[in-house]
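Notes to accompany the following structure.
Model, not experiment: these values are computed from the prediction.
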Amino acid sequence: MKKNRIIAQIGLYVILVLLAILFLFPLVWMVVSSFKTEPEIFADLKSFKAFVPYTFSLDNYTGVFERIPFIRYLLTSTLYVSVIVLLGLFVNSLAAYAFARMQFKGRDLLFSVVVALIIIPFESILLPLYLIIDEFDWLNTYQALIIPFIANAFNIFMFRQFFLNLPKELEESARMDGASTLRIFFQIVIPLSKPVFITVALLTFITHWGDFMWPLIATTDDSVRPLQVGMQFFFHQPPVKYGHVMAALTMATIPLLIIFVFFQKYYVQGIASAGMKN
Amino acid sequence: MEPVTQKTNVNNALPTVSPKQRKRKNLYTSYGFVGPAIILLFVFLILPAVLALYFSFTNYYLLTPENTKFVGMENYKRLAEDSLFLKSLGNTALFVVIVVPVQTLVALALALLVNQKLMGIKFFRMAFFAPVVTSMVIVSILWTFIYNPDNGLANSILNIVGLGPFQFLTDKDQAMYSIIFMSIWQGAGYQMMIFLAGLQEIPDHLYEAASIDGANAWQKLIHITIPGIRNILVFIAIVTMIAATKLFIQPFVMTQGGPLDSTKTLVYMVYETGFKFRDVGYSSAIAILFFLIVLIISILQRRFIKENTE
């Protein structure tokens, strides 16, 4: 009986290791190749050496910096995504608080409109949005990348759910003491709502970090071009060098990796709770 | 200095403020709170959605907006006869029909595997999740290299087990399947994490009781695990389905919709007819149709989950 269990465990590990190889080999190849020369990358394709980091040259990395404004792409992405996150947290949580706690005419109707908006896929409003942004003369500006994405119906919904579950007593006693609604919101509600703020911030950051289609059409040059679009242009820009592209891809992966390492717990909780609630 | 006195009044909650004044002030506060979000949603979501619907009934051409005329259902009729559109619809459907069940089952299998108490299980969880951490553009570029028929890893690896060589993205019959494989590889880890959270919610005593009753692993899976995560299963299937109908980045980066339009999708066509051919009217009709498809899936989701919880 015990012997059977050991065999079962070994079998399980074999499956896990094979799967881990399947999920990791492209990424390992990417990182390892970024430190190799072009002939080495091609020579190693047919052998296990493709995954062995036996040379460590930074030439591909300097090559990337010579050919594209990589740092600029990176800063652009970081900046515009961070601004969406910060302004979004503010605007959406304020709206959600009003929907959760205040009495005003048309509240329930307005909220059901907001919920209905969640269904509209961004891809279906792409072209009219482009024309509106053009009307504002915002094409190829940060405004185009940021302002349409500050308000987010789903995030309002998430915030409201959380606020509804907060105990009312603290807010009520603060109101008795004469605190204004805005003050109650900032000094009492926000500190109690840290988890939902972190989750929404994280999900918003990750979503917009991966934005591609909109920046592709809303930006026309490197001055405001974000990382994802910059990568796509670099990939199709001759001469296509595997080493250069691998170095660029490796660097482009680092920011999100950092986010995950630091916020892993919140992220997993976030996607899990999003899954449970629905 | 009227505003100042008003402010002190409110702060001290003095009886000098009449209930009526107070009510009005509350109303202003409420609208101040929801206002920014509502205005932004209106200008950048509701307005474009209404415009998309409107454009879909016109012959709006981007370069000659002055000639725009109302054409009724013309664009929608054109869709029914457009072989490229029908092909894109079919390609999108193929992607959805394979990715949704396969990715969901792969994710569930992975979650069951990493839900066991084994040494080093955390490493395997992170390994399966690793592709999610990269963005879709990055993995699409990476896999275009891997799928290179002459100088690609995929053929080298398959060669070891005696398969191939394949043409992958350069063959019209293989390109979509290559994209499907990569997409599942990239996305399964995400769903795995959601499943994992669901699995950990199932109380241990249910399994213990089943063991005492002599149930085997398969019976436990069918009678305890699956019912325990049924809602999550439906949720994941629907979310994956909606995401899959939006397929765009992979074909755009890897194949530009080719070869022979074999990886052209609905959203790809919205983009191409709108921004390349500048045919706003026709592009909007495709966008509206796409929206309706997503809407139907969302309604189905509500139905399913309601039935399950009842």
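Side-chain contact between B/Ile249 and A/Gln228 is absent, with no heavy-atom pair separated by less than 4.5 Å. In this structure the side chain of A/Ile120 never reaches within 4.5 angstrom of the side chain of B/Val294, judged on heavy atoms. A 4.5 Å side-chain heavy-atom check between B/Thr29 and A/Phe104 finds every atom pair outside the cut-off. Side chains of A/Phe51 and B/Leu153 form a contact here, defined as non-hydrogen atoms less than 4.5 Å apart. Within the 4.5 Å cutoff, no side-chain heavy atoms of A/Glu123 are placed close to those of B/Phe248. With contacts defined as side-chain heavy-atom distances shorter than 4.5 Å, the pair A/Met102/B/Leu27 does not qualify.
A/Tyr130 has its ring centre less than 6.0 Å from the ring centre of B/Phe275. Taking the centre of each ring, A/Phe23 and B/Phe129 stay at or above the 6.0 Å mark. For A/Phe235 and B/Phe145, the ring centers sit closer than 6.0 Å to each other.
One finds the CZ atom of B/Phe290 at 10.5 Å from the CG atom of A/Leu126 (value rounded to the nearest 0.5 Å). Here the CG-OG distance, from A/Asp211 to B/Ser135, works out to 10.5 Å after rounding to the nearest 0.5 Å. To the nearest 0.5 Å, the span separating OG on B/Ser156 from CG on A/Asp44 amounts to 10.5 Å. The CD1 atom of B/Ile157 sits 10.0 Å away from atom CD1 of A/Ile21, with the distance rounded to the nearest 0.5 Å. Distance check, rounded to the nearest 0.5 Å: CZ of B/Phe42 to CG of A/Leu117 gives 11.0 Å. Atom-to-atom distance recorded for B/Leu113:CG and A/Ile15:CD1 is 6.5 Å, nearest 0.5 angstrom.
In this structure, chain A has a heavy atom under 4.5 Å from the side chain of B/Ile121, while its backbone stays farther away. For A/Ile254, no part lies under 4.5 angstrom from a heavy atom of chain B. Contact of A/Ile133 with chain B is made through the side chain alone, with heavy-atom distances under 4.5 Å. For a residue to count as touching a neighbouring chain, one of its non-hydrogen atoms must lie under 4.5 Å from one of that chain's; by this rule B/Val270 touches chain A with the side chain only. For chain A, the nearby part of B/Ser298 is the side chain; its heavy atoms alone come within less than 4.5 Å. Neither the backbone nor the side chain of B/Phe195 has a heavy atom closer than 4.5 Å to any heavy atom of chain A. Proximity to chain B is limited to the side chain of A/Phe42, based on heavy atoms less than 4.5 angstrom apart. Contacts between B/Ile242 and chain A at a heavy-atom distance below 4.5 Å are absent for every atom of the residue. Heavy-atom distances place both the backbone and the side chain of A/Ile147 under 4.5 Å from chain B. For a residue to count as touching a neighbouring chain, one of its non-hydrogen atoms must lie under 4.5 Å from one of that chain's; by this rule A/Ile132 touches chain B with the side chain only. B/Asn148 touches chain A through its side chain: at least one heavy atom from C-beta onward sits under 4.5 Å away, while N, CA, C and O do not. Interface remark: A/Gln103 contributes backbone atoms only to the contact with chain B (heavy atom separation under 4.5 Å). Only the side chain of B/Gln256 comes within less than 4.5 Å of a heavy atom in chain A; its backbone stays farther off. Proximity to chain A (any heavy atom under 4.5 Å) is restricted, for B/Leu62, to the side chain, taken from C-beta onward. Within the 4.5 angstrom heavy-atom criterion, only side-chain atoms of B/Phe124, from C-beta onward, approach chain A. With a 4.5 angstrom heavy-atom cutoff, A/Phe136 touches chain B only via side-chain atoms. Contact annotation for B/Ile38: only side-chain heavy atoms (C-beta onward) come within less than 4.5 Å of a heavy atom of chain A. When heavy atoms are compared at a cutoff of 4.5 Å, A/Val17 approaches chain B by way of both its backbone and its side chain. Both the backbone and the side chain of A/Ala252 come within contact range of chain B, each with at least one heavy atom under 4.5 Å from a heavy atom of that chain. Looking at B/Gln116, the atoms closer than 4.5 Å to chain A (heavy atoms on both sides) all sit in the side chain, from C-beta outward. Contact annotation for B/Met126: only side-chain heavy atoms (C-beta onward) come within less than 4.5 Å of a heavy atom of chain A.
Contact detail for A/Ala95 and B/Val34: the closest heavy-atom pair is O-CG1, 3.7 Å. Minimum heavy-atom separation, A/His236 to B/Val253: NE2-O, 3.4 Å. Closest non-hydrogen pair, A/Ala20 versus B/Phe128, comes out as N-CE2, 3.5 Å. Scanning both residues, B/Ala37 and A/Ala151, for their nearest heavy atoms gives O-CB, 3.6 Å. Closest of all the heavy-atom pairs between A/Leu27 and B/Ala130 is CD1-CB, 3.8 Å.
Per-residue heavy-atom pair counts under 4.5 Å with chain B were compared for A/Gln232, A/Lys105, A/Met231, and the maximum is reached by A/Gln232. Ranking B/Asn151, B/Val280, B/Val267 against chain A, the residue ahead of the rest is B/Asn151, based on heavy-atom pairs under 4.5 Å. Contact tally against chain B (heavy-atom pairs below 4.5 Å) for A/Phe260, A/Tyr97, A/Tyr242, A/Phe122: the top residue is A/Tyr242. Contact tally against chain A (heavy-atom pairs below 4.5 Å) for B/Ile297, B/Leu266, B/Ile286, B/Val133: the top residue is B/Val133. Ranked by heavy-atom pairs under 4.5 Å with chain B, the first of A/Leu257, A/Leu22, A/Ile217 is A/Ile217. The most heavy-atom pairs under 4.5 Å with chain B, out of A/Asn152, A/Asn92, A/Thr181, come from A/Thr181. Ranked by heavy-atom pairs under 4.5 Å with chain A, the list B/Asn155, B/Thr134, B/Leu142, B/Thr245 is led by B/Leu142. Counting heavy-atom pairs closer than 4.5 Å to chain B, the top residue among A/Arg107, A/Met30, A/Arg101 is A/Met30. Annotation: maximal heavy-atom pairing with chain B below 4.5 Å, among A/Ile206, A/Ile156, A/Leu131, A/Ile150, occurs at A/Leu131.
For a heavy-atom cut-off of 4.5 Å, chain A lies close to B/Val43, B/Phe44, B/Leu45, B/Ile46, B/Leu47, B/Pro48, B/Ala49, B/Leu51, B/Ala52, B/Phe55 in residues 43-55 of chain B.
Looking at residues two or more places apart in sequence or on another chain, you find a side-chain hydrogen bond (donor to acceptor under 3.5 Å, both in side chains) between A/Arg183 and A/Gln187.
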- Item | Step-by-step ring pair (Phe, Tyr, Trp, His ring centres under 6.0 Å) determination, B/Phe252 to A/Phe212 | CA-CA 10 Å; B/Phe252 184 84; A/Phe212 180 69; 5.6 Å; yes
- Item | Stepwise side-chain contact (heavy atoms from CB on, under 4.5 Å) test for B/Ile141 and A/Phe234 | CA-CA 10 Å; B/Ile141 295 173; A/Phe234 183 47; over 6 Å; no
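Few gaps surround NZ on B/Lys246; more than 12 heavy atoms of other groups in view lie less than 6.0 Å from it. Counting heavy-atom neighbours within 6.0 Å of B/Tyr61 OH, excluding the residue itself, gives a total above 12.
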